[in-house]
Q: 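One structure coming up, written as structure tokens, with questions to follow.
When a ligand or atom number is given, it counts from 1 through the structure's own listing order. The model shown is predicted, which means the values in this text are computed figures rather than measured ones.
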Amino acid sequence: MKRTLIVANWKMHLNTHEASLLVKRLNDRIPAHRTIEVVLAPSLLVLQPLSLEIDRRKFRLAAQNAYTKDAGAFTGEVSFTMLRDLVHYSIIGHSERRIYFKESLEDVRDKVQAAVRNGIAPILCVGETKQERAAGETSRLIHDQVTTALSNLTPEEVENVVIAYEPVWAISTFGGEIAKPTDIKRVLDLIRHNVTELYGASTAEQMRLLYGGSVTADTAPGYLEIEGCDGALVGSASLNYQQFADIVEGAYRVNHRQEA
Ligand code: PEP
């Protein structure tokens, strides 16, 4: 059984005290669900204290980024090796990193490989900008982002990679247009098709694909009902405990309906 993955990307928000407060509030509102995995991605600084506070039956941790090398003279960087005992996952290739920090397809590929080498499951973000969409480049762009990022992995390693389709135009801080379920399904199908061609149908079937882009408690159930959508990556709404707890609750209700 694939557990639905709900990921909170807190970005560069919340210091240690604020993060701890948010976790307490989430802990009060979110029960442990057999069919749902809830992952929190705080800032690097907060990972260590939070790892001691979270109820591990309810929450797992993710990094938002790390460096491609395991150790060395790379001032200011943190490696996946340093994170391996702290996190299960790492977000990699988020559009903010690709756009603001100029991460190339190859940088993302090397980070995916470094995470896997250190036993951390990548949550690989892919997605096109508004201009690329208007120019009809979505399929080619998604293909290039997916195939380059996975190119140094074996099929067994690819199975554990999570891919989040996050159209840049739908992310709240880049415009926040509401994506249609049909648009999302088309790209999720495309991603599974790309993975099938490279690594086989069973690998593609095992992988979890998420949707991210202005997901709220109101919109989450509609996205989670899309066939082939295995979860959500949540930005802004994850900073609001009521919204985020309601998103998890919505995921539970969708799973329950699908099981019934
Ligand atoms: C994100 O940045 O990963 C994201 C999905 O943000 P938001 O939910 O705020 O659009």
Side-chain angles (χ1 to χ4, degrees), residues 4-14 18-19 22 26 36-44 46-47 60-66 87-103 108 111-112 115 121-130 132-133 138 141-142 145-146 149 161-181 183-185 187-188 191 208-224 226 229-251:
T4 302
L5 192 55
I6 306 291
V7 185
N9 177 11
W10 292 350
K11 307 193 182 186
M12 201 174 71
H13 296 290
L14 309 184
E18 292 161 339
L22 180 52
L26 294 175
I36 301 173
E37 195 178 348
V38 181
V39 174
L40 308 175
S43 80
L44 273 178
V46 171
L47 278 172
R60 286 182 159 172
L61 293 176
Q64 296 176 18
N65 177 46
V87 299
H88 274 83
Y89 295 96
S90 178
I91 297 172
I92 296 177
H94 190 279
S95 54
E96 286 154 14
R97 299 228 45 99
R98 294 185 196 255
I99 293 169
Y100 299 146
F101 301 96
K102 309 280 176 272
E103 285 190 8
V108 172
K111 289 186 178 194
V112 165
I123 300 172
L124 168 69
C125 299
V126 300
E128 80 286 7
T129 63
K130 194 180 170 100
E132 288 159 346
R133 182 175 190 236
T138 302
L141 199 105
I142 297 291
Q145 289 180 342
V146 169
V161 175
V162 175
I163 300 184
Y165 172 50
E166 296 210 305
V168 178
W169 46 271
I171 294 179
S172 61
T173 47
F174 286 121
E177 276 180 55
I178 301 301
K180 288 202 215 69
D183 290 334
I184 298 167
K185 178 159 180 3
V187 176
L188 295 181
I191 294 171
R208 283 183 296 180
L209 304 187
L210 315 184
Y211 173 69
S214 299
V215 174
T216 62
D218 288 339
T219 59
Y223 292 135
L224 295 171
I226 297 171
C229 181
D230 305 306
L233 178 46
V234 187
S236 308
S238 72
L239 294 166
N240 177 314
Y241 60 87
Q242 198 56 58
Q243 275 281 326
F244 191 67
D246 286 350
I247 290 171
V248 176
E249 173 65 22

Q: Strictly distance-based, threshold 3.5 Å: is any side-chain N or O of Tyr223 a donor or acceptor partner for the main-chain N or O of Ala179?
A: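 Yes; judged by distance alone, with no hydrogens or angles, the pair exists.
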Q: Which residue and non-hydrogen atom of the protein lie closest to atom 8 (O) of ligand 1, and at what distance in Å?
A: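 I find the closest protein heavy atom is Gly235 N, 2.8 Å.
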Q: Got a sec, which residues hit side chain to side chain donor-acceptor pair (under 3.5 Å) with Glu128, two or more places apart in sequence or on another chain?
A: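 Only Tyr165, Trp169 meet the side chain to side chain donor-acceptor pair (under 3.5 Å) criterion with Glu128.
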Q: Flag the pair Glu166 and Arg98 as a salt bridge only when some basic side-chain nitrogen lies within less than 4.0 angstrom of an acidic carboxylate oxygen.
A: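 No salt bridge links Glu166 with Arg98.
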Q: For ligand 1, which atoms, with element, lie under 4.0 Å from some heavy atom of Ser236?
A: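 Counting from 1, the qualifying ligand atoms are 7 (P), 8 (O), 9 (O).
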Q: One residue to check: Ile171. Relative to ligand 1, which of side chain, backbone, both or neither has a non-hydrogen atom less than 4.0 Å away?
A: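 Both backbone and side chain.
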Q: Before giving the answer on side-chain contact (heavy atoms from CB on, under 4.5 Å), spell out for Glu103 and Asn65 the whole-Å C-alpha distance, their side-chain angles and the decisive distance to 0.1 Å.
A: CA-CA 11 Å; Glu103 285 190 8; Asn65 177 46; 3.7 Å; yes
Q: Using heavy atoms and a 4.0 Å limit, tell me yes or no: is Ala237 in contact with ligand 1?
A: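 Under 4.0 Å: no for Ala237.
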Q: Evaluate the criterion side-chain contact (heavy atoms from CB on, under 4.5 Å) for residue pair Glu96 and Met12; output intermediate values, then yes/no.
A: CA-CA 11 Å; Glu96 286 154 14; Met12 201 174 71; over 6 Å; no
Q: Among all the protein's non-hydrogen atoms, which is closest to atom 2 (O) of ligand 1, and how far away is it?
A: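 For this ligand atom, the closest protein heavy atom is Lys11 NZ, 2.5 Å.
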Q: Report, in ascending order of atom number, the atoms of ligand 1 lying under 4.0 Å from any heavy atom of Ser214.
A: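 In order of number, 7 (P), 8 (O), 10 (O).
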Q: Between Leu44 and Leu47, does a side-chain contact (heavy atoms from CB on, under 4.5 Å) hold up when you go through it step by step?
A: CA-CA 5 Å; Leu44 273 178; Leu47 278 172; 3.9 Å; yes
Q: Which residue and atom name correspond to the protein heavy atom nearest atom 9 (O) of ligand 1, and how close is it?
A: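 In this structure, atom 9 (O) of ligand 1 has Ser172 OG, 2.5 Å as its nearest protein heavy atom.
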Q: Evaluate the criterion side-chain contact (heavy atoms from CB on, under 4.5 Å) for residue pair Ile6 and Ile247; output intermediate values, then yes/no.
A: CA-CA 8 Å; Ile6 306 291; Ile247 290 171; 4.0 Å; yes
Q: Which heavy atom of the protein is the closest neighbour of atom 1 (C) of ligand 1, given with residue, atom name and distance?
A: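 Answer for atom 1 (C) of ligand 1: His94 NE2, 3.1 Å.
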Q: Of all the non-hydrogen atoms in the protein, which one sits nearest to atom 5 (C) of ligand 1, and at what distance?
A: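 Ranking protein heavy atoms by distance from atom 5 (C) of ligand 1, first comes Glu166 OE2, 3.0 Å.
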